[in-house]
Amino acid sequence: MLTDRSEGSELHQRLEQARRVVVLTGAGVSAESGVPTFRGADGLWQEYRAEDLATPEAFRRNPELVWEWYDWRRQLIAKCQPNMAHHAIALLERQSPEFLLLTQNVDGLHRLAGSVQIVELHGNIWCVRCIEEGKITENLDVPLPSIPPRCECGALLRPDVVWFGEALPADALQMAFAAAESCDVFLVVGTSAVVQPAASLPMIARQRGAYVVEVNLEPTPLTPLAHEAHHGKAGDLLPRLLDFPVGTSGNFAIRNSQFEMSSPNPGV
Ligand code: APR
């Protein structure tokens with residue numbers, strides 16, 4: 001297995017031959033944008049107790065506390081921009097015959113970077129759900145005008161994210177497993193690979209013959225199972241591994257000027 005250096009990587013070649021490409025991302029892909037991870041040194045779960053903030057029981061017990069925390073995270077994320085790792089993945093989508101991005105992230109930065117074929121496995125922090133009607137709506141208020149926010153029907157709204165102890169949306173899960181079972185290349189970026197069921201997807205892909213590549217700051221339980229594991233910052237490694245030349249302004253420049261990106265998401 002190849003580790004820790006991009007030269008000698010087969011990834012670029014494998015991608016050129018691939019029909020179906022799947023990418024799974026976690027909090028590490030947004031770390032360089034300023035979004036805290038969960039289990040890293042400054043991760044959210046070092047400072048906060050998941051059972052107080054990210055479970056249905058916690059929400060029933062104290063919806064104000066839970067919303068104060070999500071409002072704080074939304075305010076933080078609203079100041080963040082996609083980084084080179086997000087842009088490399090968006091570009092890979094454009095260059096792949098068939099592509100699917102499976103993200104555990106709720107921050108919405110992949111979409112801002114231009115990714116289209118996305119499955120948000122754990123929901124989206126910019127969507128809210130009425131606990132009575134189940135209706136999901138987008139809410140971009142930063143900060144929230146009132147906590148806890150309420151639906152027009154008067155019922156409480158909850159963040160449309162997947163909490164511990166909750167099942168993932170059935171359609172999202174089905175798409176994720178089908179993609180893992182039928183892809184040629186499965187790229188895993190910035191996840192500690194400990195939270196199920198997402199952590200099982202790379203193994204399924206490998207069992208079905210896909211070429212599995214891990215890009216992460218540090219080794220994970222997935223490292224021994226990957227064909228290649230590259231340890232370092234995704235924003236540095238991904239453009240190199242995907243052979244996307246970075247222009248002088250630090251953004252991508254496509255050789256055949258198919259696609260010129262001056263500055264990612266100006267002023268979003
Ligand atoms: N580049 C690449 N990897 C990075 C970077 C970086 N710049 N910074 C951190 N990482 C790595 C860390 O080493 C860690 O292995 O990203 C990983 C992030 O792991 P977690 O914080 O556990 O996040 P994630 O794997 O996405 O968590 C899964 O758990 O808390 C729940 O629902 C939440 O979706 C989340 C799920």
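Just so you know, ligand 1 is whichever comes first in the structure, and atom 1 is the first atom listed for that ligand.
- Between Thr220 and ligand 1, no N or O atom pair is found at a separation short of 3.5 Å.
- Between the side chain of Ser33 and the main chain of Val35, no donor-acceptor pair closer than 3.5 Å is present.
- In summary, of the residues considered (Val161, Val128, Leu144, Leu53), a side-chain contact (heavy atoms from CB on, under 4.5 Å) with Tyr70 occurs for Val161 alone.
- Distance alone, capped at 3.5 Å, is enough to place a donor-acceptor pair between the Thr223 side chain and the Thr220 backbone.
- With a 4.0 Å heavy-atom cut-off, ligand 1 is reached by the side chain of Val195 but not by its N, CA, C or O.
- If you check which protein heavy atom lies closest to atom 30 (O) of ligand 1, you get Trp45 NE1, 2.9 Å.
- A donor-acceptor pair under 3.5 Å links the side-chain atoms of Gln196 to the main chain of Ser200, judged by distance alone.
- Of the protein's heavy atoms, Gly28 O, 3.5 Å lies nearest to atom 5 (C) of ligand 1.
- A salt bridge links Lys135 and Glu152; the closest N-O separation between the charged side-chain nitrogens and carboxylate oxygens is under 4.0 Å.
- When side chains are defined from C-beta on, Cys130 counts as touching Cys153, because their heavy atoms get closer than 4.5 Å.
- Given atom 1 (N) of ligand 1, the protein heavy atom at minimum distance is Ala234 N, 2.9 Å.
- Ligand 1 has an N or O atom lying under 3.5 Å from an N or O atom of Ala27, backbone or side chain.
- No side-chain donor-acceptor contact under 3.5 Å links His86 to the backbone of His110.
- With Glu68 contributing its side chain and Ile147 its backbone, the two residues share no donor-acceptor pair below 3.5 Å.
- Rounded to the nearest 0.5 angstrom, Leu15 CG and Tyr211 OH are separated by 10.0 Å.
- Rounding to the nearest 0.5 angstrom, the gap separating the NE2 atom in His227 from the CG atom in Leu11 is 12.0 Å.
- Of the heavy atoms in Arg39, both backbone and side-chain atoms come closer than 4.0 Å to ligand 1.
- Nearest to atom 35 (C) of ligand 1 among the protein's heavy atoms is Phe38 CE1, 3.7 Å.
- Heavy-atom contacts of Glu32 reach the following atoms of ligand 1: 1 (N), 6 (C), 7 (N) (cutoff under 4.0 Å).
- Using a 4.5 Å heavy-atom cutoff, the side chains of Leu101 and Ile89 are in contact.
- From the protein, the heavy atom lying nearest to atom 28 (C) of ligand 1 is Gln104 OE1, 3.3 Å.
- Considering backbone and side-chain atoms alike, Val194 places every N or O at 3.5 Å or more from each N or O of ligand 1.
- The shortest contact between atom 32 (O) of ligand 1 and any protein heavy atom is with His122 ND1, 3.5 Å.
- Atoms of ligand 1 lying under 4.0 Å from at least one heavy atom of Gly232, given by number and element, are 1 (N), 2 (C).
- Atom numbering of ligand 1 starts at 1 in the shown order; those under 4.0 Å from a heavy atom of Phe164 are 30 (O), 31 (C).
- The distance from ligand 1 to the heavy atoms of Leu217 drops below 4.0 Å at these ligand atoms: 2 (C), 3 (N), 4 (C), 5 (C), 8 (N), 9 (C), 10 (N), 13 (O).
- Protein heavy atom closest to atom 15 (O) of ligand 1, with residue, atom name and distance, is Asn216 ND2, 2.9 Å.
- Of the N or O atoms in Thr191, one or more lie within a sub-3.5 Å distance of an N or O in ligand 1.
- Atoms of ligand 1 lying under 4.0 Å from any heavy atom of Gly190, numbered from 1 in the order shown and given with element: 3 (N), 16 (O), 17 (C), 18 (C).
- In summary, Glu138 and Arg111 do not engage in a salt bridge, as defined by a charged side-chain N under 4.0 Å from a carboxylate O.
- Listed by number with element, the atoms of ligand 1 under 4.0 Å from a non-hydrogen atom of Ala31 are 8 (N).
- When only non-hydrogen protein atoms are considered, atom 12 (C) of ligand 1 lies nearest to Glu218 OE2, 3.5 Å.
- Inclusion of Ser192 in the set of residues having an N or O under 3.5 Å from an N or O of ligand 1 is warranted.
- The distance from ligand 1 to the heavy atoms of Gly26 drops below 4.0 Å at these ligand atoms: 26 (O).
- Leu91 CG to Glu93 CD: the interatomic distance, rounded to the nearest 0.5 Å, is 10.0 Å.
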